[in-house]
Chemist: 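First, the structure itself, so that you have it in front of you.
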Amino acid sequence: MAKKRIVTTTLNGNQTEFLCEPRQTLLEVLRDNMDLTGTKEGCSNGNCGACTVILNGRPVDSCLVLAVEAEGATVRTIEGVATAAGLDPIQKAFLEGAALQCGICTPGFIMQSEWFLSQNPKPTEDEIRFNLAGNLCRCTGYDKIVRAVQDAATTWQDHYMKNCHEKGCH
Amino acid sequence: MRDFEYEAPTTLAAAIELVAKHNGSARCLAGGTDLIDQVRVGRLTPDVLIDVKKIAELNVLEHGATGLRLGAAVPCYQVYGHCGIVSDYAALADSCRIIGGVQIQSRASVGGNLCNSGPAADSTPSLIVLGAVAVIAGPKGRREVAVEDFCTGPGKNVLQPSELLVELKFPARAANSGSHYRRFIPRNEMDIAVVGVGASVVLNDAKDKFVSARIALGAVAPTPLFAKAVGDALAGQPINDETIAKAATAARAIAVPIDDMRGTKEFRLHITGVLTERVLKAAVARARGEHVDCRIGH
Ligand SMILES: Cc1cc2nc3c(=O)[nH]c(=O)nc-3n(C[C@H](O)[C@H](O)[C@H](O)COP(=O)(O)OP(=O)(O)OC[C@H]3O[C@@H](n4cnc5c(N)ncnc54)[C@H](O)[C@@H]3O)c2cc1C
Ligand code: FES
Ligand code: FES
C-alpha cells in the first residue's frame with residue numbers, strides 16, 4: 001500500500017496537519033479523518049456540488065481533489081463560516097427563506113454562494129443561477145435558494161463584506 | 001479508490017523522468033476533474049499519479065505580439081479571466097466558460113481537456129480553429145503537433161506513454177479576425193455537448209469578404225474534427241447568408257455522428273448545420289468589432 005503522507009494545511013484559519021493516503025480525496029479526509037462532516041457527499045463525481053469547499057480562495061468539488069494536493073493550501077469549509085457572534089448572513093438568509101429541506105446540499109450552496117457574493121456583491125438573478133449551476137438540490141427547488149442568495153446580497157451586503165474582510169477568507 | 005502513489009515534481013525534467021520511468025503505469029494529474037473519477041470507477045488503473053501543477057512550464061500564461069502560450073495545467077477560470085485571451089482568442093474563452101460549473105472551472109485545465117481526448121471536449125475545437133500547436137516533451141526531447149492531429153480516437157491521442165503535454169502555442173491574432181465556440185446541450189449549463197462548433201475567420205479590410213476561415217466540429221466524429229475543406233471554401237467569398245449556408249451544408253456533409261442518449265444522428269447533423277451558421281456569423285461579428293452576446297444558455 002502507498003505510504004501515508006503528512007499534509008499541512010490552513011484549515012478554517014488554523015494550521016492543521018493530517019495523515020492520509022494518496023488515494024484519499026479531500027472530501028474523505030475532511031469527513032473521515034478530521035470529523036468535519038459538514039461537507040457532504042452527494043455524487044462523488046463532481047456533478048452535485050454538495051462537497052464544495054474553498055481551496056486557495058476558489059470553490060472546488062472536494063470529491064475531485066486529492067487530500068495530498070492540499071499540502072500548503074488554505075482550505076475553508078462550512079464549519080468555518082459561522083463565527084462566535086452567530087451565523088453568517090448567507091446562512092441566516094437560507095434559514096429565514098426556508099431555502100433547505102433535507103439540508104444535504106446546503107453546505108455546498110452556502111460555500112458557493114458566499115464565495116460568489118464576495119466576487120460579485122450585486123449579482124443579477126441570471127448570474128446567481130449560472131454561478132450555482134454546479135450545485136444540485138433534490139428537495140427544495142431552486143427558486144427559494146436563489147431568493148436566499150438575493151436576500152443575502154441586499155440585506156446583509158455591508159455586513160457580509162466587512163465580516164468576510166475581517167476573516168480574511170478571500 | 002484504487003491504491004496509488006502520488007508525486008508532485010517541481011521541474012519539467014523531474015516530471016519527464018517520472019513519466020518515463022513508470023512507462024505507462026503513471027498518469028499526469030492536472031485538475032483531476034476527469035482523472036480522479038476515472039480512477040475511482042476503475043476505468044483507469046494507474047499506479048502513480050504525477051501532479052503537474054507545480055511545474056512552472058505547465059503554468060505559463062503569456063500573451064504578446066508573437067502570440068499566446070498557454071501552459072497545459074492552467075485552469076479554465078484563468079483562461080476566461082485573462083483579458084488578452086478574451087479579446088484575441090475569444091473562442092477559447094467561450095469554451096472555458098462552459099466547461100462544467102464554477103467549481104469545475106477552478107481546476108479543469110485546457111491541457112487536461114485535450115489529453116482526455118473526448119470527442120465532445122469543449123475546448124478542443126477552439127484550439128483547432130485558433131491554430132494551436134501542442135508542445136510535447138519526453139525523454140527524447142520535445143516535439144510539436146498541431147492540435148487537429150492530436151486526438152486519434154475516443155480517449156486516444158498521439159502522446160507516447162513516456163510523454164507529457166507541456167503547453168499550447170497560438171499564433172498572434174490576425175488583423176480583421178474573430179472567433180467563437182458554441183455547443184448545443186439540452187440544459188443551460190453542466191452537460192456534455194450534443195454538438196459543438198468552433199470557427200475563426202479573417203476578413204478583408206472592407207470586412208465584406210472572407211480572407212480565410214477555420215471551422216472545427218465536436219461530438220460528431222470519434223475525435224474533434226477539423227473541417228478544413230469547409231473553411232477553405234469560404235476564402236475569397238462574400239459574407240452573406242448564402243455563403244454561410246453553403247458552409248453549413250458542407251459541415252453537415254463531413255460530420256459522422258452516432259446515435260446515443262444525447263441525440264440521434266439525424267438531430268446531430270441538423271444541429272451541426274445550425275451551429276455552423278450561428279458560429280460563423282458570431283465570428284464575423286467579432287472580426288468587425290461588434291459585440292456578441294454569448295451569455296450561457298442564450
Ligand atoms: C461535473 C463535470 C462537468 C464537466 N463538464 C465538461 C464540459 O462541459 N465540457 C468538457 O469538455 N468537459 C467537461 N468535463 C470534463 C473535464 O472537466 C474536462 O475534460 C477538463 O478540462 C479536464 O481537465 P483536468 O485538468 O481536470 O484534467 P485531468 O482530469 O487532470 O486529466 C485528464 C486526462 O489528461 C491527462 N493529462 C492531464 N494533463 C496532462 C499533461 N500535461 N500531459 C499528459 N497528460 C495529461 C490525465 O492523465 C488524464 O488522463 C466535466 C467534468 C465534470 C466532473
Ligand atoms: S460529492 Fe462532490 S460534486 Fe457531488
Ligand atoms: S435540501 Fe435536500 S437536496 Fe437540497
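Chain A is the first sequence line, chain B the second, and so forth, proteins listed ahead of strands; every chain is numbered from 1. All values reported here derive from a predicted model rather than from experimental measurement.
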Chemist: Could you list which of residues 73-82 of chain B have a heavy atom closer than 4.5 Å to any heavy atom of chain A, in residue-number order?
Modeler: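 Heavy-atom contacts from residues 73-82 of chain B to chain A are B/Y77, B/Y80.
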
Chemist: Report which part of A/N56 has an atom under 4.5 Å of a heavy atom belonging to chain B: side chain, backbone, both, or neither.
Modeler: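 A/N56 has no heavy atom closer than 4.5 Å to chain B.
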
Chemist: Inspect the contact between B/E5 and A/K3 and indicate whether a charged nitrogen and a carboxylate oxygen are less than 4.0 angstrom apart.
Modeler: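 No.
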
Chemist: Determine whether A/L66 and B/Y6 satisfy the following criterion, side chain to side chain contact (heavy atoms under 4.5 Å, CB included), listing intermediate values before the conclusion.
Modeler: CA-CA 9 Å; A/L66 297 179; B/Y6 169 86; 4.1 Å; yes

Chemist: To the nearest 0.5 Å, how far apart are SG in A/C63 and CG in B/D37?
Modeler: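 Between atom SG of A/C63 and atom CG of B/D37 there are 8.0 Å.
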
Chemist: Let me know if A/C43 has heavy atoms under 4.5 Å from chain B in its side chain, its backbone, both or neither.
Modeler: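 Only the backbone of A/C43 comes within 4.5 Å of chain B.
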
Chemist: Flag the pair B/Q103 / A/N135 as yes when at least one side-chain heavy-atom distance between them is below 4.5 Å, and no otherwise.
Modeler: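 Yes; the side chains approach each other to less than 4.5 Å.
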
Chemist: Tell me which of these, A/T52, A/V65, A/N45, has more heavy-atom pairs under 4.5 Å with chain B than the rest.
Modeler: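 Heavy-atom pairs under 4.5 Å are most numerous for A/V65.
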
Chemist: Is it true that B/K54 and A/E69 make a salt bridge, defined as a side-chain N closer than 4.0 Å to a carboxylate O?
Modeler: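 No.
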
Chemist: Does atom CZ (A/R5) have a neighbourhood of more than 12 heavy atoms from anything else shown, all under 6.0 Å?
Modeler: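 Counting other residues, nucleotides and ligands, CZ of A/R5 exceeds 12 neighbours.
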
Chemist: Taking the side chain as every heavy atom from C-beta outward, state whether A/L64 and B/L35 have any pair of such atoms under 4.5 Å apart.
Modeler: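 No, too far: nothing below the 4.5 Å cut-off.
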
Chemist: Inspect the surroundings of CD in A/Q101 and state if more than 12 heavy atoms from other residues, nucleotides or ligands are less than 6.0 Å away.
Modeler: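 Yes, enclosed.
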
Chemist: Is chain A contacted by the side chain of B/D51, its backbone, both, or neither, given a heavy-atom distance below 4.5 Å?
Modeler: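 Only the side chain of B/D51 comes within 4.5 Å of chain A.
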
Chemist: For chain A, find which of B/R107, B/R2, B/R40 contributes the most heavy-atom pairs closer than 4.5 angstrom.
Modeler: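 When all of B/R107, B/R2, B/R40 are compared, B/R107 has the most.
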
Chemist: Which region of B/L49, side chain (C-beta onward) or backbone (N, CA, C, O), has a non-hydrogen atom less than 4.5 Å from a non-hydrogen atom of chain A, or is it both or neither?
Modeler: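 The answer is the side chain of B/L49.
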
Chemist: Just give me the residue among A/P59, A/G49, A/G46 that pairs up with chain B most often, heavy atom to heavy atom, under 4.5 Å.
Modeler: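 Most heavy-atom pairs under 4.5 Å with chain B: A/P59.
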
